[in-house]
Enquirer: 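Sending over a structure as structure tokens; questions will come in a sec.
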Amino acid sequence: MTIRVRFAPSPTGNPHIGNIRTVVFNWLFARQNNGKFILRIEDTDRSRYTPNAVQIIEESLRWLGLDWDEGPDIGGPYGPYTQSKRLPLYQEKVNELLEKGWAYRCNCTPERLKAVKEMQRAAGVDTPMYDGHCRDLPPGAISPDEPHVIRLKVPREGETIVPDMLRGAVTFENQRIDDQILLKSDGFPTYHLAVVVDDHLMQISHIIRADEWLSSTPKHVILYQAFDWTPPTFVHVPLVMGKDGQKLSKRHGAVSVADFRQQGYLPEAVLNFLAMLGWAPGEGDEREIFTREELLATFELSRVKLSSAVFSYDKLDWINGVYIRNMEKSELLKRLVPFWQAAGLVPSPVPSEMFETLAQVVPLIQERLKRLKDVVELTDFIFTEIETPPAEKLVGKKMTPLESLEAVQAMQTVLSNLVNFDAATMEPPLRQLAQDLGLKAGQLFNIMRVATSNKRVAPPLFGSIEAIGRKRTLQRLSRAEEALTQLIASEKY
RNA sequence: GCCCCUAUCGUCUAGCCUGGUCUAGGACACAGGCCUUUCAAGCCUGGUACAUGGGUUCAAAUCCCGUUAGGGGCACCA
């Protein structure tokens, strides 16, 4: 049997990272089985339609490298892949159900429905359901021309079993399954009708979707029976939660693919992380880092855990850092440029003479980055002017202002006399200087770090200074010198 | 409330199916140390978990039942 799976989002906004995790499972399963991965847009709710959503969904998938074989943009043998373009199909199928007696017309008004529900609640009914008012009306009692909906005629007795690949048979009592609306009064199908019709027509073999659908699946199973179709294999995978144990949502922070992209997470790292949310290789295999190819070789749908997983930003940061550290410097540079540019630190396009500096900076920060965006905070002092640090900040550890001033002056001399202004050349004389001044290397270098970056924490000093250049470095030192001089003058020295 | 799902360190998880090898393994995070010009990275060390009660069994994290807890669902939304 050909494996055919799908991602069927409704175009209501930015794809959620939790949903994307499920897409990753789908995609991996399709690709490792030589199957097809299909994108289908479920836009049957006209009130929630968002114009750019489809495009954003496609972009998000592309960014993560989750390519699809059939979809609204590229078509395929079972199109169209947008439900709003398949309306006649649903109409036809629902008529079939009507003829077979598996569905009925219902012209109850929303007001009546609401009233019924309220009465049921008041009476202490556990699960409010449609009261079946139109269920047994004689055929023709409701004209096809008057406003109405079409409902599924769920058997009143017996039970419906949902076979789930991961949890076995899940049983539901038919008497608690509502007569689900299949076709809305606007002629659009509801999700339940459309999903069954399309999954069947598109020959979907496995429905891999989030847990939250499990409880509506018996309705789908009944529909498959009504149509006399063989249902696909159902695979319900756990939800992704936020730190507080609730379903992950915007209030937990970054949640859309676009958010992660903007913050400088690498798509390969995100893919890796997502695949590990609810799945692990097991059997003594303790790897955490998987390339796309390794994932393809190792992932096993049947090993997906059944309990929901909390999305750990800490772990994502760690994985992202691992990928950044393992990356070729030239590749990292390429990916960093847009972030420098977005912050206005580097012009766009990058002036050719600037590449050398950029290439010098990359090794300084590579192992310090968790997210690409961090490069801005880390390196801004190299590209822009800094504020002169307050004099107190320039005083070395266990040193007086005067001693600090002398150190700054001595450093200026050493740096001015350097033949080549590069990290390797400047280090020995500076170390020597520390010794000559009777200082620990750290004492001296920390003064220099603050003077040249106005930061107490910064990338390695000599490399940074090299990138800043001799002229600007000396300028900064001389400003530090002034500041210290003033401090000394203002106090009673 | 009712229905359904789930339950191993703070978090992600291995182990559970095919009970003994589990005084429960790994990773992230955390703490301490080493390295070190700061911060990282790296290395070393440390603490922390089988929700609970009952069975079954010579033996249970592993099998069964109850309880509890968490989650999901109960729309002319998907």
Side-chain angles (χ1 to χ4, degrees), chain A residues 8-12 42-45 47-48 83 106 108-110 113-114 117 121 124-130 147-151 162 164 166-167 170-173 176-178 180-192 194-195 210-218 236 238-239 241 243 245-247 273 276-289 305-319 321-322 325 364-370 378 427 430-431 434 440-450 453 455-462:
Chain A
S10 60
T12 51
E42 309 217 324
D43 58 345
T44 53
D45 183 359
S47 62
R48 293 207 305 167
Q83 290 185 330
C106 166
C108 293
T109 61
L113 261 20
K114 204 179 156 204
K117 208 149 277 185
R121 285 216 190 272
V125 173
D126 296 329
T127 310
M129 297 202 299
Y130 179 59
H148 67 282
V149 302
I150 294 174
R151 289 181 183 272
V162 174
D164 184 274
L166 263 14
R167 44 200 112 208
V170 183
T171 306
F172 296 85
E173 285 177 53
R176 344 197 52 90
I177 302 174
D178 207 353
Q180 182 63 48
I181 291 179
L182 301 176
L183 203 68
K184 303 183 243 183
S185 56
D186 63 3
F188 276 66
T190 59
Y191 168 77
H192 305 282
V195 79
D211 231 355
E212 53 193 330
W213 299 110
L214 183 56
S215 50
S216 56
T217 308
H236 290 96
L239 256 16
M241 306 300 198
K243 190 96 195 147
Q246 306 281 310
K247 202 164 138 183
F273 174 74
M276 304 290 294
L277 255 191
W279 171 82
E283 293 168 24
D285 186 344
E286 276 163 354
R287 286 177 293 167
E288 303 269 346
I289 302 299
K305 278 214 12 160
L306 291 179
S307 48
S308 48
V310 173
F311 190 99
S312 166
Y313 290 90
D314 276 338
K315 190 131 188 186
L316 209 213
D317 280 352
W318 172 73
I319 290 187
V322 170
R325 273 173 251 131
L364 304 179
I365 51 161
Q366 181 163 25
E367 64 192 23
R368 271 159 259 262
L369 294 174
K370 282 199 291 215
L378 230 39
E427 181 161 353
L430 286 169
R431 283 195 185 279
K440 286 196 170 159
Q443 287 178 296
L444 183 67
F445 297 161
N446 279 326
I447 293 173
M448 174 131 81
R449 173 172 298 109
V450 172
S453 68
K455 291 177 196 282
R456 286 210 161 89
V457 173
L461 184 58
F462 306 124

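Residue numbers start from 1 in every chain, and the chains themselves are labelled A, B, ... in the order their sequence lines are given, proteins ahead of strands. When reading the values below, keep in mind they use all heavy atoms of this one structure, side chains included, and skip hydrogens, waters and symmetry mates.
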Enquirer: Does B:G53 pair with anything, Watson-Crick or G-U wobble, both distances under 3.5 Å, and if so, with which nucleotide?
Expert: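 Paired with B:G53, as far as the under-3.5 Å criterion goes, is B:C65.
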Enquirer: Specify the separation, in whole Å, of atom CG of A:Leu364 and atom P of B:A41.
Expert: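 Taking atom P of B:A41 as the reference, CG of A:Leu364 is at 16 Å.
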Enquirer: Can you tell me how far C1' of B:C30 sits from CG of A:Asp317, to the nearest Å?
Expert: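 Those two atoms, CG and C1', are 15 Å apart.
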Enquirer: Mind checking who B:C58 pairs with, Watson-Crick or G-U wobble, both distances under 3.5 Å?
Expert: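 Here B:C58 is engaged in a pair, and the nucleotide opposite it is B:G20.
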Enquirer: The side chain of A:Arg325 is closest to which nucleotide in this list: B:U38, B:G42, B:U6?
Expert: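 Closest nucleotide among those given: B:G42.
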Enquirer: Taking the minimum atom-to-atom distance to the side chain of A:Ser215, which one of B:G72, B:U37, B:C39 wins?
Expert: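 Selected nucleotide (nearest to the side chain): B:G72.
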Enquirer: Within the pair A:Gln443 and B:U37, is there a side-chain N or O less than 4.0 Å away from OP1 or OP2?
Expert: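 Negative; the distance criterion is not met.
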Enquirer: What contact category does A:Thr171 fall into here, base, sugar-phosphate, or nothing, at under 4.0 angstrom with non-hydrogen atoms?
Expert: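 Here A:Thr171 touches the backbone only, sparing every base.
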Enquirer: When rounded to the nearest Å, what value does the distance between P atoms of B:G54 and B:A27 take?
Expert: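 It works out to 36 Å between them.
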Enquirer: With 3.5 Å as the limit, what N/O pairs link the protein to nucleotides 76-78 of chain B?
Expert:
residue : atom : partner  : partner atom : Å
B:C76   : O2   : A:Ser185 : N            : 2.9
B:C76   : O2   : A:Ser185 : OG           : 2.8
B:C76   : N3   : A:Ser185 : OG           : 3.1
B:C77   : OP2  : A:Lys184 : NZ           : 3.0
B:C77   : O2'  : A:Asp45  : OD2          : 3.0
B:C77   : O2'  : A:Arg48  : NE           : 3.4
B:C77   : O2'  : A:Arg48  : NH2          : 3.2
B:A78   : OP1  : A:Thr44  : OG1          : 2.8
B:A78   : OP1  : A:Lys184 : NZ           : 2.7
B:A78   : OP2  : A:Tyr191 : N            : 3.1
B:A78   : O4'  : A:Arg48  : NH2          : 3.4
B:A78   : O3'  : A:Glu42  : OE1          : 3.0
B:A78   : O2'  : A:Ser10  : OG           : 3.2

Enquirer: So A:Pro460, base contact, sugar-phosphate only, or nothing? Heavy-atom distance under 4.0 Å.
Expert: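 Answer is base: heavy atoms of A:Pro460 come under 4.0 Å of a base.
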Enquirer: When the P atoms of B:A7 and B:U62 are considered, how many whole Å apart are they?
Expert: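 12 Å, rounded to whole Å.
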Enquirer: For the pair A:Lys305 (side chain) and A:Pro238 (backbone), establish whether a donor and an acceptor sit closer than 3.5 Å, ignoring hydrogens and angles.
Expert: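 It does not hold such a pair.
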Enquirer: Please give the distance between the P atoms of B:C63 and B:C17 as a whole number of Å.
Expert: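 Rounded to whole Å, the distance is 5 Å.
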Enquirer: Which residues pass the side-chain contact (heavy atoms from CB on, under 4.5 Å) test with A:Glu427, not counting sequence neighbours?
Expert: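 Result, side-chain contact (heavy atoms from CB on, under 4.5 Å) vs A:Glu427: A:Arg431, A:Phe462.
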Enquirer: Would you classify A:Leu239 as touching base, sugar-phosphate or nothing, given that sugar-phosphate means primed atoms plus P, OP1 and OP2, and contacts are heavy atoms under 4.0 Å?
Expert: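 Since only primed, P, OP1 and OP2 atoms lie under 4.0 Å of A:Leu239, the category is sugar-phosphate.
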Enquirer: Identify the nucleotide, in any strand shown, that forms a Watson-Crick or G-U wobble pair with B:G70, with both distances under 3.5 Å; if there is none, say none.
Expert: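 In the structure as shown, B:G70 has B:C5 as its Watson-Crick or wobble partner.
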Enquirer: For A:Val149, check side-chain contact (heavy atoms from CB on, under 4.5 Å) against everything at least two apart and list the hits.
Expert: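 Listed in chain order: A:Cys106, A:Arg151, A:Ile181, A:Ser185.
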Enquirer: How long is the span from the CH2 atom in A:Trp318 to the CZ atom in A:Phe273, to the nearest 0.5 Å?
Expert: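 Rounded to the nearest 0.5 Å, the CH2-CZ separation comes to 11.5 Å.
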Enquirer: One pair to check against salt bridge (charged side-chain N to carboxylate O under 4.0 Å, His left out): A:Lys243 and A:Asp314. What are the steps and the verdict?
Expert: CA-CA 11 Å; A:Lys243 190 96 195 147; A:Asp314 276 338; 5.8 Å; no
Enquirer: With sequence neighbours left out, write down each residue that passes salt bridge (Lys or Arg N to Asp or Glu O under 4.0 Å) with A:Lys315, or none if nothing qualifies.
Expert: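 If we apply the salt bridge (Lys or Arg N to Asp or Glu O under 4.0 Å) test to A:Lys315, skipping adjacent residues, the hits are A:Glu288.
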Enquirer: Describe the nucleic acid contact of A:Phe462 in one word from base, sugar-phosphate, nothing, applying a heavy-atom distance below 4.0 Å.
Expert: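 Base, at least one base atom sits under 4.0 Å.
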Enquirer: Is A:Arg176 touching bases, backbone alone, or none of the nucleic acid, heavy atoms closer than 4.0 Å?
Expert: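 If one applies the 4.0 Å heavy-atom cut-off, A:Arg176 turns out to touch the sugar-phosphate alone, with no base involved.
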Enquirer: Just to be sure I understand the rule, does A:Lys247 reach a base, reach only the sugar-phosphate, or reach nothing, if contact means heavy atoms closer than 4.0 Å?
Expert: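 Answer is sugar-phosphate: A:Lys247 comes under 4.0 Å of backbone atoms only.
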Enquirer: CG of A:Leu214 to NE2 of A:His236: how many Å apart, nearest 0.5 Å?
Expert: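 One finds 5.0 Å between CG of A:Leu214 and NE2 of A:His236.
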Enquirer: Tell me what A:Met129 touches on the nucleic acid: a base, only sugar-phosphate, or nothing, going by heavy atoms under 4.0 Å.
Expert: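 No contact at all - A:Met129 keeps every heavy atom at 4.0 Å or more from the nucleic acid.
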Enquirer: Check A:Gly278 against A:Ala309 and note the closest heavy-atom contact, atom names and distance.
Expert: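 Closest heavy-atom pair between A:Gly278 and A:Ala309: N-CB, 4.4 Å.
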Enquirer: Any chance CZ of A:Arg121 has more than 12 other-residue heavy atoms, nucleotides or ligands included, within less than 6.0 Å?
Expert: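 Not buried by this count: 12 neighbours or fewer within 6.0 Å.
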Enquirer: Quick one: which protein N/O atoms are closer than 3.5 Å to N/O atoms of nucleotides 10-17 of chain B? Pair and distance per line, please.
Expert:
residue : atom : partner  : partner atom : Å
B:C12   : OP1  : A:Val310 : N            : 2.9
B:C12   : O2'  : A:Met276 : O            : 3.4
B:U13   : OP1  : A:Gly278 : N            : 2.5
B:G15   : OP1  : A:Arg303 : NH1          : 3.1
B:G15   : OP1  : A:Arg303 : NH2          : 3.3
B:G15   : OP2  : A:Arg303 : NH2          : 3.4

Enquirer: State the pairing partner of B:G42; accept Watson-Crick or G-U wobble contacts with both distances under 3.5 Å, and report none otherwise.
Expert: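 B:C34 is the nucleotide pairing with B:G42.
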Enquirer: Anything under 3.5 Å between a protein N or O and an N or O of nucleotides 21-23 of chain B, put it in a table, one pair a line.
Expert:
none

Enquirer: Can you check whether A:Lys440 has a side-chain N or O nearer than 4.0 Å to OP1 or OP2 of B:U36?
Expert: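 No, no such contact exists.
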Enquirer: Mind running salt bridge (charged side-chain N to carboxylate O under 4.0 Å, His left out) on A:Asp285 and A:Arg287 for me, showing each step along the way?
Expert: CA-CA 6 Å; A:Asp285 186 344; A:Arg287 286 177 293 167; 2.7 Å; yes
Enquirer: For A:Arg431, report the nucleic acid contact type (base, sugar-phosphate, nothing); a contact means any heavy atom under 4.0 Å.
Expert: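 A:Arg431: base contact, heavy atoms under 4.0 Å.
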Enquirer: Determine whether a donor-acceptor pair (one donor, one acceptor, N or O, separation below 3.5 Å) exists between the side chain of A:Arg456 and the base of B:U38.
Expert: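 Between B:U38 and A:Arg456, which were checked side chain against base, a qualifying N/O pair under 3.5 Å is absent.
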Enquirer: Measuring from atom CG of A:Leu378 to atom CZ of A:Arg368, what distance do you get when rounded to the nearest 0.5 angstrom?
Expert: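 The CZ atom of A:Arg368 is 7.5 Å from CG of A:Leu378, to the nearest 0.5 Å.
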Enquirer: Where the side chain of A:Asp126 is defined as all heavy atoms beyond and including C-beta, which of B:U6, B:G1, B:G71 is the nearest nucleotide?
Expert: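 Within the option list, the nearest is B:G1.
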